[in-house]
Amino acid sequence: MNTYGGRGEGGGAGARLLNVVDVEATCWDGQPPPGQVSEIIEIGLTVVDLRAGARTARHRLLVRPSRSTVSAFCTELTGLTQAEVDGGTSFADACRTLAAEHRTGLLPWASWGDYDRRQFTRQCRAAGVEYPFGQHHTNAKIAFTTAYGLRRRPGMAQALELAGLPLEGRHHRGDDDAWNIAARIRRTVTGARRAWASGGP
């Protein structure tokens, strides 16, 4: 039974769950145009059952920007268009959805690097919105680098290759990236469940 519903690969009652989060934000080939700032336009979330070592659900939220527009560069990178994100929810509603439907304030969570956590922190502060996550965050890039004994921290696609895993979907799409990051966590989780669940590095 999938705890959160959606597409999954197993799971069960009493599982120790981890939310894996990846965001895409408005971006430009250079500096933002005058008056615009980078804003989250897509949130991908995959739930991992740490005991079973399985991805149990995946979710996607489109977010409507209020202080920026989607550039041609951003569309080329992410595939997202202005028309698509115009149909999304507000950032405040997205944060409320994360907390209410995905228990992001209660469950530990992970992201590839620290960008996602910092972007949420900045945008919540700027918008006066309650931060939707708890304190137990794992930087999956650091955990992966440590587990593989690497000198440099790899990008997400490179880490997939090092782990012998395929890239599923499109890179720089929030739901696909979260799904792929979760696949690497499944590989790393053996012998490291305590680190993921308690916040890790």
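Side chains are part of it too, since the values below use all heavy atoms of this structure and drop only hydrogens, waters and symmetry mates.
Residues Pro33 and Trp28 have side chains in contact (heavy-atom distance under 4.5 Å, counting atoms from C-beta outward). The shortest side-chain heavy-atom distance between Pro65 and Gln36 does not fall under the 4.5 Å cut-off. Put simply, the side chain of Leu162 reaches to within 4.5 Å of the side chain of Leu150, judged on heavy atoms. Under the 4.5 Å side-chain criterion, counting only non-hydrogen atoms from C-beta, Cys95 is in contact with Cys124.
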Report the C-alpha separation of Val23 and Tyr115 in whole Å, then their side-chain angles, then the decisive distance to 0.1 Å, and conclude whether the side-chain contact (heavy atoms from CB on, under 4.5 Å) test is met. CA-CA 9 Å; Val23 304; Tyr115 165 78; 3.8 Å; yes

One pair to check against side-chain contact (heavy atoms from CB on, under 4.5 Å): Asp114 and His137. What are the steps and the verdict? CA-CA 9 Å; Asp114 210 28; His137 173 260; 3.6 Å; yes

From CA spacing to verdict: side-chain contact (heavy atoms from CB on, under 4.5 Å), Phe144, Ile181: CA-CA 10 Å; Phe144 180 88; Ile181 294 164; over 6 Å; no

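Distance check: Gln82 CD to Thr26 OG1 gives 9.0 Å after rounding to the nearest 0.5 Å. Atom NE2 of His102 is separated from atom CD1 of Ile43 by 9.0 Å, given to the nearest 0.5 angstrom. Taking CD of Glu84 as the reference point, atom OG1 of Thr78 lies at 8.0 Å (rounded to 0.5 Å). Taking CZ of Arg64 as the start and CD of Glu39 as the end, the distance is 11.0 Å to the nearest 0.5 Å. In this structure, the separation between CG on Leu61 and CG on Leu45 is 8.0 Å, given to the nearest 0.5 Å.
Considering all non-hydrogen atoms of both residues, Pro154 and Thr145 come closest at CD-OG1, 3.4 Å. Nearest heavy atoms, Met156 versus Trp112: N-NE1, 3.3 Å. Cys27 and Ser71 get closest at one heavy-atom pair: O-OG, 2.6 Å. Summarising the geometry of Glu24 relative to Asp177, their closest heavy-atom pair is OE2-OD2, 3.4 Å, with the distance given to 0.1 Å. The minimum heavy-atom distance between Gln123 and Ser38, with the atom names listed, is OE1-O, 4.4 Å. Here the closest non-hydrogen pair linking Val63 and Ala94 is CG2-CB, 3.9 Å.
Checking side-chain atoms of Ser111 against main-chain N and O of Val21 turns up no donor-acceptor pair under 3.5 Å. Using a distance-only test at 3.5 Å, with no hydrogens or angles considered, no donor-acceptor pair links the side chain of Asn180 to the main chain of Leu167. Not one N or O on the side chain of Thr56 forms a donor-acceptor pair closer than 3.5 Å with the backbone of Asp49. In this structure, Arg186 contributes its side chain and Ala54 its backbone to no donor-acceptor pair below 3.5 Å.
Hydrophobic clustering of Ile, Leu, Val, Met, Phe, Trp and Tyr side chains at less than 4.5 Å, counting indirect connections, unites Leu165 with Tyr148.
With sequence neighbours excluded, no residue satisfies ring-ring contact (aromatic ring centres under 6.0 Å, His included) with Phe73.
Between Trp109 and Phe133, the ring planes are parallel. Angles under 30° get that label, and only those over 60° would be called perpendicular.
A salt bridge links Glu168 with Arg55: the distance from a Lys NZ or Arg NE/NH1/NH2 to an Asp or Glu carboxylate oxygen falls below 4.0 Å. The residues Glu42 and Arg173 are annotated as salt-bridged, a charged nitrogen and a carboxylate oxygen being separated by less than 4.0 angstrom.
Counting Ile, Leu, Val, Met, Phe, Trp and Tyr side chains that sit under 4.5 Å apart, directly or through other members, Leu80 shares a hydrophobic cluster with Ile41, Leu62, Val70, Val85. Counting Ile, Leu, Val, Met, Phe, Trp and Tyr side chains that sit under 4.5 Å apart, directly or through other members, Leu77 stands alone, with no cluster partners.
Within a 6.0 Å sphere centred on CZ of Arg60, other residues, nucleotides and ligands contribute more than 12 heavy atoms. In Arg118, the CZ atom is not crowded: 12 or fewer heavy atoms of neighbouring residues, nucleotides or ligands sit closer than 6.0 Å.
The only option from Val47, Thr46, Val20 that meets the side chain to side chain contact (heavy atoms under 4.5 Å, CB included) definition with Arg58 turns out to be Thr46.
For the 3.5 Å distance criterion, the side chains of Asp176 and His171 fail to qualify, holding no donor opposite an acceptor.
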